[in-house]
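Only one structure is covered here, and it is reproduced in the block below.
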Protein chains: 2
Amino acid sequence: MSETTETQVIRDLIDRLARLNAAEDWNGPLNPSQFAALSYLARANRFSRAPSHVADYLITTRGTASQTLKALARKDLIIETRSETDKRSIRYDVTRNGTDVLQDTSGLTDVINDLDADVSEALASSLKALVLAMLQRRDGRPFGICRTCKHYRNTDADGFCQLLQVSLTKSESAQICHEHAEL
Amino acid sequence: MSETTETQVIRDLIDRLARLNAAEDWNGPLNPSQFAALSYLARANRFSRAPSHVADYLITTRGTASQTLKALARKDLIIETRSETDKRSIRYDVTRNGTDVLQDTSGLTDVINDLDADVSEALASSLKALVLAMLQRRDGRPFGICRTCKHYRNTDADGFCQLLQVSLTKSESAQICHEHAEL
DNA sequence: TTGCAATAGTTTCGACTCGCTACTATTAAT
DNA sequence: ATTAATAGTAGCGAGTCGAAACTATTGCAA
């Protein structure tokens, strides 16, 4: 008979919240994993759209990610592009159909929007601390948008990544990168 | 190209945290759903251990819950007891083996314990608000321990449930009930 | 009391996730 | 020139998931 501690309560709330969100996904054309993968691809920059990146983001194996991506490709929501420079790697881009599917508004989004600004800021910060601590234990990648990365340099119009040595458009600077590192 | 708003960030953090937690479960003898169901049963009172209650708690259907419970029963982690009063209903109790499996300490637990007391209290409260708001939309049951329920009455040694008209031991008053209602 | 309707749980189906292992192609390092 | 590392995939077995169809009870009304 386990005790129900404050910690256990938080664990349960996180799990239940994720399940409530997942249950909503099932109402749409995609299952929760497919939706999460598609949503990630739509926000990731062009250096972060490979199966292995999706696997890292979704905390799963390359094999599982590969299957999920193949399922999305079968549905014409994403399309694969083989790299010219490295013939092993593949990049998946979201199609027009794919962006349409992502328009579905979610109940969790509404509910989070109803929080007071200071509450949601505190929530984001606590959750981020938890995710980072969990990632550290398995050396997983944090992911994050270019503009907040230590390799990012602000130039006149656009941005520049010191790590990959490429310039980035304004739009790209707001995308998610698998190489993201805290300042 | 979806924008990544503060709300989207929180959604992603919740999803990733749940996935990080789930990934840990896979290292053990059970999959995440089985572990969640077993963990619930170990903390639920004797009126809340039926397949339909597990389904409500895990935000899934009775059919799915039934399958998961059968899988746990095959592994001798829970055992089914048919009710005398209502021959349709079944109660699953956690076996000795079941409680042993639950002893596994989780990384998420450690990480939550590392939070400052005031931070974790704020976190619990925000998450609870989100879960309640989500549940309201699908009239799902909140669940919670007897002692904090509006039907609970404190008696001399033990407690009493006004709704079910039964007296509760001290230990039972700390268990999860599917009939739980906010004060 | 008979006759439904609601409830509790199960089964089956098809699509898919999931970790795993084994495998192919390519690229990097010695 | 080997050998090792990396990127991605196929196939396996167990199991999740919702949905629909099904059995066995119990509740309710006319």
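So that the names make sense, note that chain A is the first sequence line, chain B the second, and so on, each numbered from 1. What's counted below: heavy atoms across the whole structure, side chains too, no hydrogens, waters or symmetry copies.
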>> I'd like to know if the side chain of S83(A) reaches the main chain of S89(A), judged simply by a donor and an acceptor atom lying under 3.5 Å from each other, with no hydrogens or angles considered.
In response: no
note: D86(B), atom CG; dG27(D), atom P; distance rounded to Å ~ 6 Å
Just checking A65(A): base, sugar-phosphate only, or nothing, at a heavy-atom cut-off of under 4.0 Å? nothing
Residues Y152(A) and S173(A): closest non-hydrogen pair is OH-OG, 3.3 Å
If you compare every side-chain N and O of S33(A) against the phosphate oxygens of dC16(C) (OP1, OP2), does one of them come in below 4.0 Å?
no
Atom CD of E24(B) and atom P of dG19(C) are separated, to the nearest Å, by 13 Å
### Validation row: H180(B), I145(B) side chains within 4.5 angstrom (heavy atoms)
no
When R91(A) and A23(A) are each assigned the nearest nucleotide of DNA chain D, the 5'-most assignment goes to R91(A)
Short side-chain N/O contact from T61(B) to OP1 or OP2 of dA19(D), under 4.0 Å: no
Atom CH2 of W26(B) and atom C1' of dT16(D) are separated, to the nearest Å, by 8 Å
Counting only side-chain N and O atoms of S66(A), is one of them less than 4.0 Å from OP1 or OP2 of dT9(D)?
yes
Taken to the nearest whole Å, CG/D56(A) to C1'/dA7(D) is 12 Å
Regarding the side chain of T68(A), the nearest nucleotide among dT10(C), dT17(C), dA7(D) is dT17(C)
query = Looking for any heavy atom pair under 4.0 Å, which part of the strands does T64(B) touch: base, sugar-phosphate only, or nothing?
reply = base
Between CG of L58(B) and C1' of dG18(D) the distance, given in whole Å, is 15 Å
To the nearest angstrom, the CD1-C1' distance between I90(B) and dA24(D) comes to 11 Å
Which of dG15(D), dT10(C), dT26(C) is nearest the side chain of Q34(B)? It is dG15(D)
Regarding the side chain of N31(B), the nearest nucleotide among dA7(D), dT7(C), dT16(D) is dT16(D)
Next item on the list: Find out whether F143(A) and D12(B) are in side-chain contact, i.e. whether some heavy atom of one side chain is under 4.5 Å from a heavy atom of the other.
Entry: no
Between E80(B) and the options R74(B), K70(B), R91(B), the salt bridge (charged side-chain N to carboxylate O under 4.0 Å, His left out) test singles out K70(B)
- May I ask you to evaluate whether T60(B) reaches the phosphate of dG18(D), defined as a side-chain N or O under 4.0 Å from OP1 or OP2? yes
Contact check, residues 70-84 of chain B vs DNA chain D, heavy-atom distance under 4.0 Å, returns R74(B), K75(B)
query: Using a cut-off of less than 4.0 Å, is there contact between a side-chain N or O of R19(A) and OP1 or OP2 of dC17(D)?
result: yes
Closest non-hydrogen contact found for I10(B) with A124(A) is CG1-CB, 3.9 Å
Here the distance between atom C1' of dC20(C) and atom CG of N27(B), to the nearest Å, is 13 Å
> Which part of the nucleic acid does Q67(B) contact within heavy-atom distance under 4.0 Å: base, sugar-phosphate only, or nothing?
Replying inline: base
